[in-house]
Amino acid sequence: MQLVAERLTFQLLDVSYSVEGGRPVIEIWARDVKGRRLLLLDDTFRPYFYVLPQNGADLDKLAEELRRLSRPRSPVTSVEKVDMKYFGRPVTALRVTTLIPESVREYRDLAAKLPGVAEVLEADVRFSMRYLIDLNLYPMRWYVADAEPVNRSDIIADGAYRLVSRPSEEPSMADVDPLDGLRIMAFDIEAYNPQGSPNPSKDPVIIIGVAFNDGERLQLEAAGHSDKELIQKFVDVIRRKDPDVIVGYNQNSFDWPYLLERAKVNGVKLEVGRKRGAEPNPSVFGHISVQGRLNVDLYNFAEEIEEVKVKTLDEVADYLGVMPKDKRVNVDWWRIAEYWDDSEKRKTLLAYNMDDVTSTLGLAYQFLPFGAQLSQISGLPLDQVAAASVAFRLEMRFMREARKLGELVPNRAEEETRELETYTGAIVLEPKPGIHHNVAVLDFASMYPSIMVKYNVGPDTLLKEGEACERVNEAPGVRHRFCADRDAFFKRVLERFLKWRAEVKAAMKKYPEGSPQYRLLNERQRAIKVLANASYGYMGWAGARWYCRQCAESVTAWGRDLITRAASLARSLGLKVYYGDTDSLFVENDPEKVEKVIEGITKGLEFDIKIDKVYSRVFFTEAKKRYAGLTPEGKIDIVGFEAVRGDWSDLAKDTQAKVAEIVLRSDDVRKAVDYVRQVINDLRNGKVEVEKLIIWKTLTKSVDKYEAEAPHVYVAKMMEKLGFKIDVGSKIGYVIVKGDGPLSRRARPYFLVKPQDIDVNYYIDKQIVPAALRILSFFGISERELKAGGRQASLFDYINKK
DNA sequence: CTGAGCCGGGG
DNA sequence: GTGTACGGCTCAG
């Protein structure tokens, strides 16, 4: 049959590979301009790695020995000499090519043992990622290539092709919204949980809510307590709608594993991918891949929002304005079974599920445009870019830059050889405790990347003891020296980032704010900024390929120097400095003087600084990194306070938030003290529901695997004895009761505890009072005053305290 | 005090 | 799939 090649214009969505007939085949999942979902194959790519010889080694002899390692199943097909660079210095390396990706590890280990070998490099780059790097392909971007149609009966797609030319980027699509035209599905399951945490071996999935970006929303319900048909229907829905992107909230650690287990129990196949027979596949670090679709866990993006401490779906959706908390239905999760079994309450449960799904889709609209840009820039597929750490995203880009520069990519350090020494970090100026009015927050723009560029910081420019160089930058205090004779690898990459970002920002100005084009470019410049800002942390990350502790140490040293100089400048101009952290300064908002500070820093120190925000009121305690501010718009920022953490009781969290709000809005500390006393009184008088006192902790492994007996572990054991089935992932809710012995022994399952058993003093001393004092102590309020509980403090209180 | 171990979100 | 975290807290010693 005569095959006719077609010219395809397609968007690269995901990449994987398989081994067919003893040869690797790269599989690109894509959609083309006609809207077809396609599988594109390339069977011409081969795995390889580099061998770096020791100085003076005989390259031909070494090449011969490498060839002799060849095994028939995956022969060494070539060993070539290549001129490359390693940490900026020219080297000749040997490039070893083989056939089967899995054999690389074996050859790597054998090669490393040969005499004359200094290092084996790039043997740990995933094969499919290697392909994208080498062909300079970025997921979510558009390409043009010639391809021949092929038959593939094992996929659920509109067609399959074999690439016959290398894809080249389609410039006309560069500024098109990469999400435009993609089919997005959000889903959320509810599980039956009569005994606290649902147990997938017996508790059915009862509701699956699904929402699509075309507006369709639906809910699937179990028949009573049987979920076999429900799961089959869910698979059918995905087949019918054929989404490109599947989003959920924490679905990688809950919904997918739970559904997989339920499917197994019911003898159903969870065939939701675009490959026949393939189920979602749990991979490392909790990521789950769905073949041919981008499975994105939006919780990964939520984790990066520093301002929200408790990252539950309802909190995050509320913060982002996706769905206000007071406008949605909420059901306490431990009551889900109760709501399911009651026909009236079931309606509420369904509404709750639909609000969760709607919120999830809403979060997708918030996060995915940014994620898609990160994908286009870092080179990681959208599902992986979400799950990857910032350092890993940046490293992927570094590897591409290294290839362009002919640089060999260093290996990660062996775990045991990584230096564990810490170094001095950023400087935090002593806050001025109290409430301050009209405060401007000044922020250095990309401070650490700017330092790296200005002083040419990097492992390749770091001078060893006694090493000479013409132009040298020495970090203040720490004395590390960097050669400025040639540009550092980091500098080259960061300069490209900074230039690129400036271009994008300039292009943005051509569009009205709020237009789709503006939004697209804004997300792009943000993604570039996030990657650039990760470069400092990257150097100090022990897992980094370009790890350089001295570099990170030098950057913070320059940073401390800079912020100290900026604060002095502000003071010398007569401005009060209230606080500063790393790259920010909180100063009195006197516009004229502030302008002078900005000018002095820009021209004198040659770094960019700007007004980030203004607070009409802000208060600091004596503690660093904790403050609460009131913006001119009336919004309250609570930063750093720990009682907004998930493992504190609701009572402590509510109390602290309320105290912060009273103090900021009314300036009246007595009012706040009275409020706390009222809470304590209520607690003493048994007026607080046990539910407000529950402390929740998750069991991350089976009970008997714990060495230390934390309260929630002790309670889990107790629940097991009571006949509860406790599994990994169970959330244990406990309260502390009266009695003797260590705290752990006084923890009880909350549902077994009567209000009169509660150790009221624990909650007062360890929860309410510390949470409230975080704010109130600097107003001179003491523990005793809070605990006086409406009456005058007496000798009795004093003795009790002793 | 230091080090080891655990946690996050979900139901 | 040629294998990816991290910062903050608690408890034990």
- Task: Confirm from the modelled atom types if A/T312 and B/dG9 form a donor-acceptor pair under 3.5 Å, side chain to base only.
- Result: no
- Message: From the set C/dT4, C/dG1, B/dG8, return the single nucleotide nearest to any side-chain atom of A/N281.
- Response: C/dG1
- Indicate, with a heavy-atom threshold strictly under 4.0 Å, whether A/W541 touches base, sugar-phosphate, or nothing. sugar-phosphate
- Atom pair CG/CG of A/L382 and A/L294 - distance to nearest 0.5 Å: 5.5 Å
- Taking atom C1' in both C/dC6 and B/dG9, compute the distance separating them and give it to the nearest angstrom. 15 Å
- Message: Need one value for A/E122: base, sugar-phosphate or nothing, where a base atom within 4.0 Å counts as base even if backbone is also close, heavy atoms only.
- Response: base
- Query: When the distance from CG of A/D314 to C1' of B/dG11 is rounded to whole Å, what number comes out?
  - Reply: 13 Å
- Rounded to the Å, how far apart are A/K766 NZ and C/dC11 C1'? 13 Å
- Using a cut-off of 4.0 Å on non-hydrogen atoms, how would the nucleic acid contact of A/E102 be classed: base, sugar-phosphate, or nothing? base
- Closest contact, heavy atoms only, A/T98 versus A/R46: O-CB, 3.6 Å
- Task: Could you tell me whether A/A191 contacts a base, only the sugar-phosphate backbone, or nothing, with contacts defined as non-hydrogen atoms closer than 4.0 Å?
- Result: sugar-phosphate
- Can you tell me which residue pairs pass the salt bridge (charged side-chain N to carboxylate O under 4.0 Å, His left out) test with a partner in residues 281-298 of chain A, sequence neighbours excluded? A/D242-A/R293
- Query: Which part of the nucleic acid, if any, lies within contact of A/Y50, taking any heavy atom under 4.0 Å across all strands shown: a base, the sugar-phosphate backbone alone, or nothing?
  - Reply: nothing
- With sequence neighbours left out, what residues match A/R346 under side chain to side chain donor-acceptor pair (under 3.5 Å)? none
- Looking across every strand, which nucleic acid part, if any, lies under 4.0 Å from A/Y48 by heavy atom: base, sugar-phosphate, or nothing? base
- Item | Where at least one partner belongs to residues 14-23 of chain A, residue pairs that pass salt bridge (charged side-chain N to carboxylate O under 4.0 Å, His left out), sequence neighbours excluded | A/E20-A/R152, A/R23-A/D43
Heteroatom pairs (N/O) under 3.5 angstrom, protein to nucleotides 3-7 of chain B:
from: B/dC6; atom 1: OP1; to: A/K701; atom 2: NZ; distance (Å): 2.5
from: B/dC6; atom 1: OP2; to: A/K701; atom 2: NZ; distance (Å): 2.7
from: B/dC7; atom 1: OP1; to: A/T698; atom 2: O; distance (Å): 2.3
from: B/dC7; atom 1: OP1; to: A/Y706; atom 2: OH; distance (Å): 3.2
from: B/dC7; atom 1: OP1; to: A/H712; atom 2: NE2; distance (Å): 2.2
from: B/dC7; atom 1: OP2; to: A/T700; atom 2: N; distance (Å): 3.3
from: B/dC7; atom 1: OP2; to: A/T700; atom 2: OG1; distance (Å): 2.0
from: B/dC7; atom 1: OP2; to: A/Y706; atom 2: OH; distance (Å): 3.0
from: B/dC7; atom 1: O5'; to: A/T698; atom 2: O; distance (Å): 3.3

- Check the distance between C/dG1's P and A/R108's CZ and give it to me in whole angstrom. 14 Å
- Message: Under 4.0 Å, counting only non-hydrogen atoms across every strand here, what does A/N411 touch: a base, just sugar-phosphate, or nothing?
- Response: nothing
- Item | Distance between C1' atoms of C/dA5 and B/dC6 (Å, rounded) | 15 Å
- Message: Could you work out, with ring pair (Phe, Tyr, Trp, His ring centres under 6.0 Å) as the rule, every residue matching A/Y258, not counting sequence neighbours?
- Response: A/F254
- Message: I need the full list of salt bridge (charged side-chain N to carboxylate O under 4.0 Å, His left out) pairs touching residues 330-339 of chain A, with sequence neighbours left out, sorted by first then second residue.
- Response: A/D332-A/R335, A/R335-A/E338, A/R335-A/E691, A/E338-A/K345
- Query: Does the side-chain ring of A/F254 sit on the six-membered ring of the B/dG10 base, less than 5.5 Å centre to centre and under 30° in tilt?
  - Reply: no
- Task: With heavy atoms under 4.0 Å as the rule, sort A/N252 into base, sugar-phosphate or nothing.
- Result: nothing
